[in-house]
Trainee: 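I'd like to ask you about the structure that follows.
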Amino acid sequence: MEFFHKRYEKSVYGDEPASSGQDRALTAYALDSTNHNTSCRDNDMAEFGAAKKKEGLPDINFAAFVDEKTGIPVYYKLFFGSLLDKSQTPFTLKNAERLGFQKLFIVMDRGYYRKEVFEAFEGMSFACMCPENMPEFDNVWSKHHSEIKDKHKYFVPAEKVYGIKVDDVKVYDRTYKAFLYYDSARAEDERDTIHLKLGMLKEQAAARKNYTAKMSRTFAPWLIIEKLDVADPETGKKFRITENNERIQEELDKAGFFLVVSDCDCSTEEMIIRARKRDVDEKTFRRAKSHFDFTKTGTHSRETYQGKMFACYLALIVSSAFCWYTRKYIKAVSSRTMATTLGLLKKYQIQQQKDQNWFPVYAITKNMREVFMLLGLENPDTEVPEMVKKLCLKL
């Protein structure tokens with residue numbers, strides 16, 4: 001891992017200068033984790049935890065750093081299935097630092113918003129989405145939401161959002177930068193979701209036969225369930241359902257707003273671009289599960305499981321690197337476009353002649369040639385062995 005990290009940095013970035021006067025070592029990586037079920041009998045890493053797929057089986061957790069620029073995973077860590085992502089993060093960061101990962105910029109989702117995680121970033125910078133139920137979100141939102149909503153002064157054209165940076169926001173006894181954003185398209189979707197959820201909750205509550213204290217807690221705070229001494233003449237039930245208009249309006253007002261907390265002093269445009277590239281980790285996990293069938297493993301020892309995961313990690317590097325190096329051709333990094341490009345190159349076949357030279361079986365199409373050239377292969381018609389060597393080295 002240490003060797004790969006050094007080689008990767010040199011291959012992808014080389015002597016690339018820093019942007020905005022920052023150290024070039026502040027490469028932005030997305031940090032996330034997932035888990036998969038396993039039927040392993042002798043793997044002590046398999047424990048019951050918060051499984052993504054409920055099958056009544058133990059699971060194992062898998063965390064990864066993915067370069068936001070290239071989408072290539074550069075580090076992974078396996079840990080016990082019972083451990084939470086946020087509790088394992090300080091150990092993951094320390095291990096990564098020992099491997100040479102220093103002065104990085106780590107982007108995380110709401111699940112990592114925790115004091116221990118923030119304090120673990122010594123020598124690294126981070127940005128973390130703030131859950132909407134945290135007091136920091138309410139404090140910043142209440143002061144600035146009307147200031148930035150649909151105000152041209154705060155518009156960020158690159159991501160079509162409105163944003164403001166707030167200094168000296170106190171989080172877990174420390175001060176950080178807070179970036180409040182408003183996305184009008186996201187707001188519309190969230191409002192639709194709120195109304196849909198409210199309708200479903202009202203239907204579920206109305207289907208109950210009798211009032212219980214647990215029922216009242218289940219539907220709070222969206223609905224107020226009032227116990228009646230006599231049955232309601234309209235419903236025939238001894239409880240009345242009313243909407244909590246104050247809470248619902250608060251949710252509607254907050255629709256489209258989200259907060260990012262960071263120790264990095266950058267612009268609102270730089271932060272939102274970094275934050276929105278965090279989904280490269282999700283794509284990596286989806287690729288592992290859909291392309292390499294890692295929704296459930298059946299290896300029966302810790303050693304064979306680790307070997308299988310290492311092979312999966314190498315395959316993720318190759319597939320993600322392939323997308324990166326052919327990005328100008330496929331014009332997107334997704335499982336569909338990668339499958340299309342792989343299908344195109346699958347048509348390329350070579351055959352060894354009697355003189356021991358290798359040549360393509362069929363003529364190379366324009367699209368195939370374009371992909372090869374993007375990979376730095378100039379003459380795929382004649383230099384077949386050399387082309388294959390270059391392709392392997394490039395990936």
Trainee: Can you check whether Pro221's main-chain N or O pairs, donor with acceptor, with Asn244's side chain at less than 3.5 Å?
Mentor: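 Looks like yes, one N/O pair under 3.5 Å.
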
Trainee: Would you tell me whether Gln249 and Asp253 have side-chain atoms, one donor and one acceptor, within less than 3.5 Å of each other?
Mentor: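 Note: Gln249 and Asp253 side chains meet the donor-acceptor criterion.
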
Trainee: Does a sphere of radius 6.0 Å around CG in Asp355 hold more than 12 heavy atoms from other residues, nucleotides or ligands, not counting ones at 6.0 Å or beyond?
Mentor: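 Yes, the 6.0 Å shell around CG holds more than 12 heavy atoms from other groups.
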
Trainee: Check for a donor-acceptor pair, side chain of Tyr181 on one end and backbone N or O of Gly256 on the other, with a separation under 3.5 Å.
Mentor: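 Between the backbone of Gly256 and the side chain of Tyr181 there is no qualifying donor-acceptor contact (under 3.5 Å).
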
Trainee: Is a donor on one side and an acceptor on the other found under 3.5 Å between the side chain of Lys237 and the backbone of Arg208?
Mentor: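 Yes.
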
Trainee: Salt bridge or not between Glu243 and Lys202? Use side-chain N to carboxylate O under 4.0 Å.
Mentor: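 Counted as a salt bridge, because a side-chain N and a carboxylate O are separated by less than 4.0 Å.
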
Trainee: Would you call Lys254 and Glu132 a salt bridge, taking side-chain N to carboxylate O under 4.0 Å as the test?
Mentor: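 Here Lys254 does not pair with Glu132 in a salt bridge, since their nearest N and O are not under 4.0 Å apart.
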
Trainee: Report yes or no: does Ser319 contribute a side-chain atom to a donor-acceptor pair with the main-chain N or O of Leu316 at less than 3.5 Å?
Mentor: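 Answer holds: yes.
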
Trainee: Between Arg274 and Glu270, does any NZ, NE, NH1 or NH2 come within less than 4.0 Å of an OD or OE carboxylate oxygen?
Mentor: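 Judged by the 4.0 Å cut-off on N to carboxylate O distance, Glu270 and Arg274 do not form a salt bridge.
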
Trainee: Has the side chain of His144 got a donor or acceptor atom that lies under 3.5 Å from a matching backbone atom of Val140?
Mentor: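 Not at all, since once roles are kept as given, no pair shorter than 3.5 Å links the two residues.
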
Trainee: For this output row, return yes or no: ring centroids of Tyr113 and Phe118 closer than 6.0 angstrom.
Mentor: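 Distance test on ring centres: under 6.0 Å, yes.
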
Trainee: What about the rings of Tyr176 and Phe126, do their centers lie closer together than 6.0 Å?
Mentor: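 Under 6.0 Å, so yes.
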
Trainee: Please check if atom CZ in Phe310 has more than 12 non-hydrogen atoms from other residues, nucleotides or ligands closer than 6.0 Å.
Mentor: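 Counting other residues, nucleotides and ligands, CZ of Phe310 stays at 12 neighbours or fewer.
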
Trainee: May I ask you to decide if Tyr75's main-chain N or O and Tyr313's side chain share a donor-acceptor pair within less than 3.5 Å?
Mentor: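 Present.
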
Trainee: Check whether more than 12 heavy atoms from other residues, nucleotides or ligands sit under 6.0 Å from atom NZ of Lys227, and answer yes or no.
Mentor: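 No, because the 6.0 Å sphere around NZ of Lys227 holds 12 heavy atoms or fewer from other groups.
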
Trainee: Answer with yes or no whether the side chains of Tyr8 and Asp67 bring together a donor and an acceptor at under 3.5 Å.
Mentor: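 Yes, a side-chain donor-acceptor pair sits under 3.5 Å.
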
Trainee: Could you check whether Lys177 pairs with Asp167 (Lys NZ or Arg NE/NH1/NH2 to Asp/Glu carboxylate O, under 4.0 Å)?
Mentor: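 Result for this pair is yes, salt bridge flagged.
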
Trainee: Less than 4.0 Å between a side-chain N and a carboxylate O, is that true for Lys165 and Asp265?
Mentor: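 Looking at Asp265 and Lys165, the cut-off is met.
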
Trainee: Determine whether the side chains of Tyr162 and Thr268 contain a donor N or O and an acceptor N or O closer than 3.5 Å.
Mentor: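 Looking only at side-chain atoms, Thr268 and Tyr162 do not form any donor-acceptor pair under 3.5 Å.
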
Trainee: Is it the case that the side chains of Ser33 and Tyr112 hold a donor-acceptor pair, with the cut-off being a distance below 3.5 Å and no angle test?
Mentor: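 Per modelled atom types, Tyr112 and Ser33 side chains form a pair under 3.5 Å.
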
Trainee: Does a donor on one side chain sit under 3.5 Å from an acceptor on the other, for Tyr154 and Glu147?
Mentor: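 Side chains of Tyr154 and Glu147: pair found under 3.5 Å.
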
Trainee: Is a donor on one side and an acceptor on the other found under 3.5 Å between the side chain of Ser142 and the backbone of Asn139?
Mentor: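 Looks like yes, one N/O pair under 3.5 Å.
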
